[in-house]
Amino acid sequence: MSIYAIGDLHLSLAPGSDKPMDVFGSRWINHADRIKEYWSETVRDEDTVVIAGDISWGLKPEEAKFDLDWISALPGKKILLKGNHDLWWNSIGRLNKMYDNMTFLQNDCIVAEGICICGTRGWITPDDEDFTEADMKVYRRECMRLETSLKAACVKAPGREIIGFLHFPPVSGRNHFSGFQQLFEDYGVKEIYYGHIHGEAGFAAALQGEYYGREYKLISADYLNCRLLKIR
């Protein structure tokens, strides 16, 4: 049994809501078909796939359901986190009643293959030059949600390994340090995966590898060339 990860599926399968992603570069050409092909060839029903946000372009739950049904039909158990474009994301209780093979992660921890999966959407961090007072409110809330998730791991599976997930990068600049990173350090999280970053310039500047004793990896779908990353 394995654990895979990917972010930023950016699906738009609802009738009349097609949003072609190839306008953002060649890595996005036929991206949904390429993700499905690799996923179907690689993942088994007993495996777990973590999707780190920006799942559907749907604005309403009924629009996003076309995309969620598409994901549900693929092999494996799925853990989904919210991204900044997931405007359809509503009551976590309602979402978690929709599918038997998909869990929506918010303010909680999910144990998969004996490993605690923790995370939250995240937000831009105070070192970002465009950071505002309004951002501070969201940033603090997301830090609280991350800590709630990490605390849940300590209750559900004390002593087990924790892997951290965010949609946003954990920090805006390579030479800075955020509240998200402090929480990962406080709770002994060694590996953190995130999405949100796109394009060659973004990839070149992205936080990757070891940083303050933690290992960071970018898992945006375009960065991974529409392949899932096996993390266990």
Fill in: Minimum side-chain heavy-atom gap Trp88-Leu59 below 4.5 Å
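No, side chains not in contact.
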Worksheet item: Can you tell me how far CE of Met1 sits from OG1 of Thr48, rounded to the nearest 0.5 angstrom?
Response: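 Between Thr48 OG1 and Met1 CE, I get 8.5 Å after rounding to 0.5 Å.
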Practice prompt. Enter the distance from Gln106:CD to Ser91:OG here, rounded to the nearest 0.5 Å.
Written response: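 Rounded to the nearest 0.5 Å, the CD-OG separation comes out at 9.0 Å.
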Exam field: side chain [X] to backbone [Y], donor-acceptor pair closer than 3.5 Å:
X      : Y      : answer
Asp45  : Pro75  : no
Gln182 : Phe177 : no
His10  : Trp57  : no
Ser149 : Gly119 : yes

Worksheet item: With Glu191, which of Arg232, Lys217, Arg214 fulfils salt bridge (Lys or Arg N to Asp or Glu O under 4.0 Å)?
Response: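 Considering Arg232, Lys217, Arg214, a salt bridge (Lys or Arg N to Asp or Glu O under 4.0 Å) with Glu191 is found only for Arg232.
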Worksheet item: Ion pair present between Glu142 and Arg121, side-chain N to carboxylate O less than 4.0 angstrom?
Response: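 Yes, charged N to carboxylate O under 4.0 Å.
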Transitively linked via ILVMFWY side-chain contacts under 4.5 Å: [X] with [Y]?
X      : Y      : result
Ile231 : Ile115 : yes
Met136 : Leu166 : yes
Tyr212 : Phe184 : yes
Ile117 : Leu229 : yes

